[in-house]
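So that the names make sense, note that chain A is the first sequence line, chain B the second, and so on, each numbered from 1.
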There are 2 protein chains.
Amino acid sequence: MEGEPGRAVEARPHTVRLGVARYHDIAEAIRGAITRGLYARGSQLPSERVLSEEFAVAPGTIRQALGELETEGVLASRRGSRRTVIGEPRSAVTFEEFRSFAQWASSRGRVPAGQVISGVWQNASPLDREALRLPIAARVFCVVRVRLLDGDAIMVERTRYRDSVGAEVERIPSDCPSVTAWLAATAKITFSRAEHQFSACPAGAEDARLLDVRRGSPMLMHKRMSFSRDGVPLEWSVDRYVADTISLVVDNSLNANALRWK
Amino acid sequence: MEGEPGRAVEARPHTVRLGVARYHDIAEAIRGAITRGLYARGSQLPSERVLSEEFAVAPGTIRQALGELETEGVLASRRGSRRTVIGEPRSAVTFEEFRSFAQWASSRGRVPAGQVISGVWQNASPLDREALRLPIAARVFCVVRVRLLDGDAIMVERTRYRDSVGAEVERIPSDCPSVTAWLAATAKITFSRAEHQFSACPAGAEDARLLDVRRGSPMLMHKRMSFSRDGVPLEWSVDRYVADTISLVVDNSLNANALRWK
DNA sequence: GAGTGGTCTAGACCACTCC
DNA sequence: GAGTGGTCTAGACCACTCG
């Protein structure tokens, strides 16, 4: 293992280090130990009591660290039996990466780009009003973008923003690679929760023209609604990807679920 | 609220009731209070201290209950500020529902059915060996099934089982609606983790014939790998759904992710 | 029966938010 | 400055698993 067990925690017993929690440190240490092969897949982890002595922390702190790893699907536990090592920790996608095309692409070492096809204000349709919980006669800002990956057009994005957000989006330069990043930096608008729906559909006429595929060819459709921290819906969007350019990976266990792109 | 705060917990301070944990009870009570409109969307929940007095439990127990609700995306919290109510709790899909077509359909009040097209033993291909972590010269049991929803054929499932599981699957009656349920009940084989990948693809010749769609028409492709509790891969499968018959819903927040079908 | 994880108690200090 | 959530301590009993 690692983590300097005999670190002499000093008299002050529960000082939280600035920025990083101790339990997260411990999770990181165990994660690293698994990656380095110290714990083989299928083997058993030391007990919570033993770990709490090794890391010189209270049992509850160890429990928090192990909880983090179980959520990631790296460990599995059962009452009365020792925790078993499930496998290599995966680089789970962060929320930002999953929500933002640009941030996902960058984190994978690929070059994202975007091109705005149109951006207009419209009266909110019944669909808009339901999705964004708007009153009658509200307006929405509608943007159609083509997204490029390493220079290839692979996706059409049709987004509808509520007015407060739309007013900011309207000012964004049309070649800005990441709307999400721009909104966060300039307008302090951040998305804290999103709901995604995936299905397949045939390419429409506009899709075919913008992405250079045949009409009716298969596309992965991704509907998305994003919310502020207070649960206010900020935007909803329908993205259509050319088949075989991208896929969504979902990892689920009895305890929790994790997402990542591939 | 509810939960009979003055329930007279008695001298024994930490007796866990059989089956249900107290923190889960409390989460359920708060969930119910939100559903019944006692806490409006966007409003603030009472503080942890107050709740711990109302429910007559230690603060840690309240914290566990609130954690459950935050994972579901019902609540959001921020240091120094009170927890805000995000919205109606969703009926998050259980792991079993997400993995099993039959269980998902049943839970939605729809009638699932399955028909085995073929079931044969084959030598494991390189793909099989990688997915199931098998040695050279291992055998896999390959099954092709058509899945029906309310009488309509909507999906072709091509599954490959490692030998120990295949031997059991071979004995399952061909009209059995739920392979998962049969395996759990009869052979005590349960899946505890799965990895899913979604993308779009055109219908192949066999898909077209079995599902009565045109070749090349759009399909939602779902690759799936299932593992035992100890991390041993038990099966992998490629399912292809007719477009617009089904879609996957993923909910993700800064803290956690939840899944459900729609 | 020894050991393990799951649950729970009853406190504490700190970082942060809001007034 | 008062109050809140985030983290941590140092114990406890119970249900369960395994040898």
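B/Phe55 has its CZ atom 13 Å from the P atom of C/dT9, to the nearest Å. Distance, B/Leu45 CG to D/dG5 P: 8 Å, rounded to whole Å. Protein atom NE2 of A/His24 is 17 Å distant from nucleotide atom C1' of D/dC8, rounded to whole Å. Summarising the geometry, the separation between CZ on A/Arg22 and P on D/dT9 is reported as 8 Å, rounded to the nearest angstrom. The distance from atom CD of B/Gln64 to atom C1' of D/dC8 is 15 Å, rounded to the nearest whole Å. Between the CG atom of B/Leu75 and the P atom of D/dT4 there is a distance of 16 Å, rounded to whole Å. Rounding to whole angstrom units, CD1 of residue A/Ile62 and P of C/dT4 are separated by 14 Å. Rounding to whole angstrom units, CG of residue B/Leu66 and C1' of D/dG6 are separated by 13 Å.
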For DNA chain D, produce a single dot-bracket line, 5' to 3'. Pairs: Watson-Crick or G-U wobble, both distances under 3.5 Å. Symbols: ( ) within strand, [ ] crossing, | other strand, . unpaired. ||||||||||||||||||.

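In the interface, the side chain of A/Arg49 is paired with the base of C/dG5 through a donor and an acceptor atom under 3.5 Å apart.
A distance-only check finds a donor-acceptor pair linking the side chain of B/Arg162 to the backbone of B/Leu132 [under 3.5 Å]. Between the side chain of B/Gln44 and the main chain of B/Arg82, a donor-acceptor pair closer than 3.5 Å is present.
The nearest heavy atom of DNA chain D to A/Thr61 and to B/Glu48 marks one nucleotide each, and the one closer to the 5' end goes with B/Glu48.
Of the candidate nucleotides D/dT4, C/dC8, C/dG5, C/dG5 has the atom nearest to the side chain of A/Arg82. Which of C/dG5, D/dC8, C/dC8 sits closest to the side chain of A/Tyr23 comes down to D/dC8. Taking only side-chain atoms of A/Arg63, from C-beta outward, the nucleotide of C/dT9, D/dC8, C/dG6 with the closest atom is C/dG6. The side chain of A/Ser77 lies closest to C/dG6 when the candidates are C/dG6, C/dT9, D/dG5. Listed candidates were D/dT4, C/dT4, C/dA10. Nearest to the side chain of A/Ser47 is C/dT4.
Residues A/Leu134 and A/Ala124 approach most closely at CD1-CB, 4.2 Å, considering heavy atoms. Minimum interatomic distance between A/Ile26 and A/Ala65 (heavy atoms only, all atoms of both residues): CG2-CB, 3.8 Å.
Within the 4.5 Å cutoff, the side chain of B/Trp182 has no heavy atoms near those of the B/Val169 side chain. Side chains of A/Glu235 and A/Phe191 form a contact here, defined as non-hydrogen atoms less than 4.5 Å apart. Residues A/Asp25 and A/Arg22 meet the side-chain proximity criterion, which asks for heavy atoms closer than 4.5 Å.
Defined by atom type and a distance below 3.5 Å, a donor-acceptor pair is present between the side-chain atoms of A/Asp128 and A/Trp236.
When the shell of 6.0 Å around CD of B/Glu130 is examined, it contains 12 or fewer heavy atoms from other residues, nucleotides or ligands.
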Measure all distances between protein nitrogen or oxygen atoms and nitrogen or oxygen atoms of nucleotides 17-19 of chain D, and list the pairs falling under 3.5 Å.
from: D/dC18; atom 1: OP1; to: A/Arg78; atom 2: NH2; distance (Å): 3.2

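Looking at B/Arg83, B/Arg31, B/Arg78, B/Arg63 one by one, the single match for salt bridge (Lys or Arg N to Asp or Glu O under 4.0 Å) with B/Glu70 turns out to be B/Arg83.
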